[in-house]
Amino acid sequence: MLEKKFIVIAGEEAGPKSNKMGGIWNVIDAEARNLAKLISDGVISEERPPVIIVAGPYYGHSGADWNKGLNRITDLSEFDEYAAEGELLTTLDTLRSKGIETHIRSGKVRDTDILYLMFKTKDFDRLNTEYKGKTMSLASMIKSEAYDFLGLDSLHYENMNNGMEYTHYLNLSYAISEFIRILVTAGEKIAAGYHDNAVSEFAASLLPSMQVSLHCHEFGVFYAAARLHKIGVNVQTVATYHATIPGRSSGHRSIRKVREKDSSWDSGVPANFSKLESLSSHADVVTAVGDSTLREIKLFYGIDSIVVRNGIDLHPDDIEWEKKKAYRKKIQKFLSEKIYSVYDSKVIPPDRIVPIFSISRIEIENKGYPDLLDSLVILDRMVKTQIDAGYLDEDYRIICFIVAAHGPKTNTPDNFPIYLPEELLIGEEIRLQQMIQARGLECSRIPDGSRHVAAVLYPQWLSDHDGGLNMKTDEFMAGCIAGVFPSRYEPFLLTGLEAGKEATPSIVSKVCGFSDALGTLQRLVMGMGGVIVVDNINLPYLESITDYALAMDYFIDTYTDDRVKYNLLCQEASLLAGDMNWEAPTKQYYELLTGTRIK
């Protein structure tokens, strides 16, 4: 019998331009694209290769997002219209008859299509259906069914302060699992359309069997795998953790918990999210992006998993040196002009400004921002000493961008972010700015030389129209001379690899999930190398922040005094990204999802 294969890669953030910088969407997109490359290149050599479907939410307009602060709007304009046919058309029509609205588009990687299937779930509370002989809204039916299947107490969970988010995850997971349930049995429905039993049986014998696999990224869609398991649908499922809910709540304390085998949860762990996360036990395979996450899954949930690390998509060509040079000059010119404009000060020559950066979610303690700011104070004293000793020009300045925001901003003022009025900031952005000011690291002290190092909060999602630098993430990373990622809790750290992709050296904490892979890096320079690991696990705090400062000083001095050696450090950073590309993890995911060995 003929067989049709579908691989569904699902996540709450599976929508290209609707999402924050980095994160789960980058991983989902990379997996789908690399799977398509493997098919196009013949590495996956099957007579009928699988259809790749990326599944996630659809936010069609302003206010459709469950999180009104993020105001995400799904933009599928970069993809082509797609006319479904056969079993896929039957499945979408069946969903539509239930009132579940879907939006489907297609993109192409080489010769292989990727389908993007987005589910609109916002109106589930306005759609009527029946459950156990009672008429109720679809949203209520989903909650009732989830309670019967898995004991999910949605009446309690939806009244928690994150109840809207929980409900969104439940609705989205239901929609994804219902799509798969119908798809698996779509052939039977097509055959049943023939009134004559003999014709129907003959038609069924000609239709291909449906093999569907589901890869769930993060707890927001783990209920989809659990529901399919409970209703007995023959689907191979993989649930991937990028972190754990209890681990995130404990942050840097999770290291101690793992060491001491302390499985207790800190106060503040959201019970509804952790319950959804525990549903990974119903998946056929559970994977973790790093060793620390694997240990947390076992510690907090008693679930065994395997490690499949994240990767990075590389540029097809060599390092783009001209790109790095052009965007570095753009950043330097921007800083020189904005500082002069805001503080009506003397002009700092652009080539005397050295830009570095840190970028991540605005989780102040977990991301190690206090450590970074304290190390910048130490670095300032080091630079001042070098200037006083005549080793550096008196106009020498180091500016560290800290890119961290609760969400995108549309009301940025002129000279943003050097001019950063307090009313523009919200939540933890305010606290982070106050921490910068408390250490005297604000840019106002740069022109007169009372500080030679400054931290600039950049509370915005980077884009070519963000109201500040107006640069995409890759352009920004390429233009800075180093990245600093001092996380205290970091299951993997994609941003470090993103920096390496742009051949930008970086400093990472020992906590980060890929630090153990540095031993495979081919060294081009003796000594510290293009990616420096700071031990923030075993060393006392003062020593670790000093090491961050020394590492930054090393990159800055090398950039200033020995450009040839600095370029070799850039190549080393690029090599690390090359060693951790997406091909190997994509092959491993494919084998887990299909049971087919790739030779």
Side-chain angles (χ1 to χ4, degrees), residues 13 20-24 26-27 162 165 218-220 241-259 262 264-270 273-274 277 288-297 299-300 310 357-376 400-407 425-436 455 457-459 461 483-499 506-515 533-539 541 544-545 547-548:
E13 294 187 289
K20 66 178 184 293
M21 171 196 60
I24 306 304
N26 286 28
V27 175
N162 56 2
E165 186 175 0
E218 280 287 82
F219 72 94
Y241 283 76
H242 297 261
T244 67
I245 297 296
R248 283 192 176 105
S249 297
S250 297
H252 59 280
R253 295 185 302 276
S254 64
I255 298 171
R256 176 183 55 78
K257 283 183 172 290
V258 170
R259 283 180 172 177
D262 176 9
S264 64
W265 293 5
D266 289 353
S267 61
V269 176
F273 289 177
S274 56
E277 193 167 68
V289 297
D291 298 297
S292 62
T293 303
L294 176 143
R295 290 191 287 267
E296 287 179 20
I297 297 169
L299 178 70
F300 294 124
N310 284 331
F357 77 97
S358 188
I359 186 169
S360 198
R361 294 189 301 274
I362 192 158
E363 299 173 3
I364 291 178
E365 278 71 32
N366 281 355
K367 297 304 178 183
Y369 291 129
D371 310 42
L372 173 59
L373 295 176
D374 288 342
S375 68
L376 290 174
C400 180
F401 288 101
I402 299 178
V403 184
H406 283 292
L425 306 177
I426 59 173
E428 293 289 82
E429 297 169 359
I430 298 172
R431 184 159 75 97
L432 188 49
Q433 179 70 348
Q434 290 172 343
M435 291 169 66
I436 292 171
L457 177 61
Y458 204 104
W461 290 356
V484 192
F485 309 106
S487 295
R488 299 177 186 175
Y489 176 76
E490 191 64 65
F492 192 75
L493 188 66
L494 270 174
T495 46
L497 287 182
E498 292 284 354
S506 62
I507 304 157
V508 303
S509 64
K510 190 173 183 178
V511 165
C512 91
F514 74 69
S515 63
V533 179
V534 171
D535 187 348
N536 64 339
I537 297 176
N538 302 303
L539 289 181
Y541 180 75
S544 66
I545 63 171
D547 281 353
Y548 283 124

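FYI, side chains are in, hydrogens and waters are out, and symmetry mates aren't considered; it's all heavy atoms of this structure. Sequential numbering from 1 along the given sequence is applied to the chain's residues.
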query = Is there a donor-acceptor pair closer than 3.5 Å between any side-chain N or O of Asp535 and the backbone N or O of Asn538?
reply = yes
task = Using the six-membered ring wherever Trp is involved, compare the ring planes of Phe401 and Tyr458 and label them parallel, tilted or perpendicular (cut-offs 30° and 60°).
result = perpendicular
Contact check, side chains of Pro486 and Asn536, non-hydrogen atoms, under 4.5 Å = no
request  = Apply side chain to side chain contact (heavy atoms under 4.5 Å, CB included) to Leu294 and Tyr241, showing your working.
outcome  = CA-CA 8 Å; Leu294 176 143; Tyr241 283 76; over 6 Å; no
inquiry  = Just so I know, are the side chains of Tyr541 and Asp371 near enough to count as touching, which here means a heavy-atom distance under 4.5 Å?
reply    = yes
message = Contact between Ile245 and Pro270 at the side-chain level, heavy atoms closer than 4.5 Å - yes or no?
response = yes
key: Nearest heavy-atom neighbours spanning Ser509 and Tyr548   = CB-OH, 3.2 Å
request  = Please examine the side chains of Glu363 and Ser487, heavy atoms only from C-beta on, and report whether any two atoms are closer than 4.5 Å.
outcome  = no
task = Identify the two heavy atoms, one from Val403 and one from Tyr369, that lie closest to each other, and give their separation to 0.1 Å.
result = O-OH, 4.1 Å
query = Considering only heavy atoms from C-beta outward, does the side chain of Arg361 approach that of Asn366 to under 4.5 Å?
reply = no
query = Donor-acceptor pair, Gln433 side chain versus Leu457 backbone, under 3.5 Å?
reply = no
ask   = Is Pro370 close to Arg488 at the side-chain level, that is, under 4.5 Å between some pair of heavy atoms?
value = yes
ask   = Are side-chain heavy atoms of Lys257 and Ser264 found at a separation under 4.5 Å?
value = yes
key: Close side-chain approach of Leu372 and Lys367, heavy atoms under 4.5 Å   = no
